[in-house]
Trainee: 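Shown below is the structure under consideration.
Atoms within each ligand, like the ligands themselves, are counted from 1 in listed order.
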Amino acid sequence: MKIRDLESGYGSVQILWGVDMSLREGAITALLGPNGAGKSTLLRSIFGTVRPWKGSILYRDEDILHLPPHRKVDRGIALVPEGRHVFAGMTVKENLLLGAYRKRARERMEGNLGLVFSLFPILEERQDQRAGTLSGGEQQMLTIARSLMASPELMMLDEPSQGLAPKVVEEVFSALTRIREEGVTILLVEQNVENVLSIADYVYILNEGRVVGEGRPDEIEKAGLRKAYLGL
Ligand SMILES: Nc1ncnc2c1ncn2[C@@H]1O[C@H](COP(=O)(O)OP(=O)(O)O)[C@@H](O)[C@H]1O
Ligand SMILES: [Mg+2]
C-alpha cells in the first residue's frame, strides 16, 4: 500500500497534513508518536471510517482513497480499532463467526478458525463461554482473532496492547509475529515503544499530523528519533 499526501480531519479541523507512507507486503510497519499525533485518525482515514480529504491510497494498482469501509474489507483490509470490542452476551465462537460474514471470509471460515485457535489456544478452550466472561487480555485476543476471521491481507491495529498486563502484552506481540508469518501485512499503532522496536520491520513516527521520521528500528534508535518524539 502506498499512501501519498494524505490530508484528513474532523469537520473543518485538519489533523493530517500530507502524510506519505508505504507498507511493505508481509511486513510489520509500526506507527509511533505522542498522544494526539493523529495515529488513530490516520488508521481511520485509511480504512474509511473517517473520510480522507485528499491524497491517494494505492492498493493493488487501485486508488482506494474514497472507498467505503466495507469495500475495503472486501479487498482484504481490516481495522482493529482501539479498545476491546466483543459481543459480551454471545459465545467466543459466535463472536468469531461474526467476523467471517463477508463472502471472501465465509469461504475460508474453517481454515481461519483453525488458524485463530492455533494462535490463541485459550479461545478454543473457551469457545462456548460467553465473551463477557473473558478477562481483558482474552477479550483483546478475541478482538484480534475476530478480525482475522475476515481473512485480511492487511491488518491495521490501533494500540492492541493498551491496558494489558505485561505477560498478556507479550502474548499479543508474539501473536502479531505469527500473523506476519501467515503472510498478513500489518500496520501497528502502539505506545509500547520497546516491544514495537523489537518486532517491527519498519517504523514511521507521526507528530502533529506529519511524518517526522522513518526507518528500520535500528535507524530510528540511531537517529535519536526515539528521544525526540517518544520521550523515552
Ligand atoms: N472524533 C473526533 N472528532 C474530533 N476530533 C478528534 C476526533 N478524534 C480525534 N480527534 C482529534 O484529532 C487529533 C488526533 O487524535 P488521534 O488521531 O486520536 O491521535 P493519536 O491516536 O495519535 O493519539 C487530536 O487533536 C484529537 O483531539
Ligand atoms: Mg489513538
Trainee: For atom 11 (C) of ligand 1, state which one of Ile15, Leu42, Leu31, Val13 supplies the nearest heavy atom.
Mentor: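 It is Ile15 that holds the nearest heavy atom.
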Trainee: At less than 4.0 angstrom from any non-hydrogen atom of Asn35, what atoms of ligand 1 do you find?
Mentor: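 So the answer, numbered in order with elements, is 23 (O).
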Trainee: Under 2.8 Å from the Mg ion (ligand 2) - does any N, O or S atom of Ser40 fall there?
Mentor: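 Here the distance criterion (N, O or S atom, under 2.8 Å) is met by Ser40, so yes.
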Trainee: Using a strict cut-off of 4.0 Å, indicate which atoms of ligand 1 neighbour a heavy atom of Ala37.
Mentor: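 Within the 4.0 Å cut-off of Ala37, ligand 1 contributes 19 (O), 20 (P), 22 (O).
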Trainee: Nearest protein heavy atom to atom 9 (C) of ligand 1, by residue and atom, and its distance?
Mentor: Tyr10 CE1, 3.6 Å
Trainee: Report the nearest protein non-hydrogen atom to atom 18 (O) of ligand 1: residue, atom name, distance rounded to 0.1 Å.
Mentor: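 In this structure, atom 18 (O) of ligand 1 has Ser40 CB, 3.7 Å as its nearest protein heavy atom.
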Trainee: Using a heavy-atom cut-off of under 4.0 Å, does the side chain or the backbone of Thr41 touch ligand 1, or both, or neither?
Mentor: both
Trainee: Please check if atom CZ in Arg51 has more than 12 non-hydrogen atoms from other residues, nucleotides or ligands closer than 6.0 Å.
Mentor: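 Incorrect, the count does not exceed 12.
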Trainee: Counting only heavy atoms, which portion of Arg44 has something under 4.0 Å from ligand 1: side chain, backbone, both, or neither?
Mentor: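 The answer is the side chain.
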Trainee: When you measure from the side chain of Arg106 to the backbone N and O of Tyr101, does any donor-acceptor pair fall under 3.5 Å?
Mentor: yes
Trainee: So, for Trp17 and Glu208, which heavy atoms are closest and what is the spacing to 0.1 Å?
Mentor: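 Taking every non-hydrogen atom into account, CD1-O, 3.8 Å.
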Trainee: Minimum heavy-atom separation for Ser56 and Asp63, please, with both atom names.
Mentor: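 Looking at all heavy atoms of both residues, the closest pair is CB-OD2, 3.4 Å.
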Trainee: Can you check side-chain contact (heavy atoms from CB on, under 4.5 Å) on Leu206 and Val19, steps first, answer last?
Mentor: CA-CA 9 Å; Leu206 197 69; Val19 170; 4.1 Å; yes
Trainee: Are any non-hydrogen protein atoms located under 4.0 Å from atom 27 (O) of ligand 1?
Mentor: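 Under 4.0 Å from atom 27 (O) of ligand 1, zero protein heavy atoms found.
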Trainee: Does Glu107 come within less than 4.0 Å of Lys103, counting only side-chain N to carboxylate O?
Mentor: yes
Trainee: List the closest protein heavy-atom neighbour of atom 19 (O) of ligand 1: residue, atom name, distance to the nearest 0.1 Å.
Mentor: Gly38 N, 3.1 Å
Trainee: So, the side chain of Glu124 versus the backbone of Pro121: is there a donor-acceptor pair under 3.5 Å, distance only?
Mentor: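 Absent.
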Trainee: Check this for me - ligand 1, Gly36, N or O atoms closer than 3.5 angstrom, yes or no?
Mentor: yes
Trainee: Among Glu170, Gln140, Gln191, Glu190, find the residue that satisfies the side-chain hydrogen bond (donor to acceptor under 3.5 Å, both in side chains) test when tested with Ser161.
Mentor: Glu190
Trainee: What are the atoms of ligand 1, with element, lying closer than 4.0 Å to any heavy atom of Pro34?
Mentor: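 Reading through ligand 1 atom by atom, the close ones are 22 (O).
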